[in-house]
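Following: one structure in structure tokens, then a few remarks.
Note: hydrogens, waters and symmetry copies are ignored here, and every other heavy atom, side chains too, is used. A quick note: this is a predicted structure, and the numbers were derived from the prediction, not measured.
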Amino acid sequence: MNHKNTSDSSTDVVDAAKSAQDRRAGSREMVRKLLTERTEMFVLYCRLAGLAPYQGKPAGKNDVHELLQEFCQVLVDYIAAGHFSVYERIVSRTERRKELADLAAELYPRISETTEVALAFNDRYDTEALFELSGEFHEELSNLGEQLASRIEMEDKLLKILS
């Protein structure tokens, strides 16, 4: 009987180690997905703002409109990748690492503010209607860029602990 308890104990340790490995692999996959979405969003943002790595300006209104719609879609995908993976885990208190949970509790309200700005931008500009890109658009795009930079900075603090 003593031998069975030792065997059960060994199995529990192996199961716990496997579970921890699975969680770490899941965390790495979440981080990879978030960073992939972020990179795609940032490249499109730069193209939209007329910054490198984009060379030149889109040819016409339709091209700008298509680029803007693509950016809005990727922006929402990026926001969702963070919210429905990393932040959901933290907010639902399924994150076991105290350091990460504490930092997340501190940063999450500010990250949520950046989410609201991004979603408001998307609601305003992800439209089928063609329109002129006014000075107001460039102002809002600049504000969005500042919010995204802030979000990325906060995410990086979380991701450093997560990975």
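- Residues Val31 and Leu34 are members of one and the same hydrophobic cluster, defined by side-chain heavy-atom contacts under 4.5 angstrom among Ile, Leu, Val, Met, Phe, Trp and Tyr.
- Between Thr127 and Gln69, the closest heavy-atom pair is O-NE2, 3.1 Å.
- Under a hydrophobic-cluster definition in which Ile, Leu, Val, Met, Phe, Trp and Tyr are linked whenever side-chain heavy atoms come within less than 4.5 Å, directly or via other members, Ile152 and Leu35 are assigned to the same cluster.
- The closest side-chain heavy-atom distance from Tyr45 to Val74 is not below 4.5 Å.
- Not a single side-chain hydrogen bond (donor to acceptor under 3.5 Å, both in side chains) links Asp126 to another residue, sequence neighbours left out.
- In this structure, Leu48 CG and Cys72 SG are separated by 8.0 Å, a value rounded to the nearest 0.5 Å.
- No salt bridge links Glu155 with Lys160; every basic N to acidic carboxylate O contact stays at or beyond 4.0 Å.
- His65 places none of its side-chain heavy atoms less than 4.5 Å from the side chain of Glu70.
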Test side chain to side chain contact (heavy atoms under 4.5 Å, CB included) on Asp156 and Glu153 and set out the steps.
-> CA-CA 5 Å; Asp156 284 348; Glu153 208 173 287; 6.0 Å; no
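- Atom CD1 of residue Ile161 and atom CG of residue Leu103 lie 4.5 Å apart, to the nearest 0.5 angstrom.
- Looking only at side-chain heavy atoms (C-beta outward), Leu148 and Tyr78 come within less than 4.5 Å of each other.
- A heavy-atom distance below 4.5 Å is found between the side chains of Thr36 and Arg32.
- Hydrophobic clustering (ILVMFWY, side-chain heavy atoms < 4.5 Å, transitive): Val76 and Val117 are in distinct clusters.
- For the pair Ala118 and Leu75, the tightest heavy-atom approach, listed with the atom from each and the gap, is O-CD2, 3.7 Å.
- With sequence neighbours left out, the side-chain hydrogen bond (donor to acceptor under 3.5 Å, both in side chains) criterion links Asp77 to Gln73.
- Distance CG/Leu68 to CZ/Arg124: 11.5 Å, rounded to 0.5 Å.
- The nearest pair of heavy atoms linking Phe71 to Met41 is CE1-O, 3.7 Å.
- A tilted orientation is assigned to the rings of Phe137 and Phe121, their planes being inclined by 30° to 60°.
- Summarising the geometry, atom NZ belonging to Lys157 is positioned 12.5 Å from atom CG belonging to Leu159; distances are rounded to the nearest 0.5 Å.
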Please table the atom pairs, donor to acceptor, closer than 3.5 Å between any side-chain atom in residues 109-116 and protein atoms at least two apart or in another chain.
from   : atom 1 : to     : atom 2 : distance (Å)
Ser112 : OG     : Tyr108 : O      : 3.1
Thr114 : OG1    : Ile111 : O      : 2.6
Thr114 : OG1    : Arg151 : NH1    : 2.9
Thr115 : OG1    : Ile111 : O      : 3.2
Thr115 : OG1    : Arg151 : NH1    : 2.7

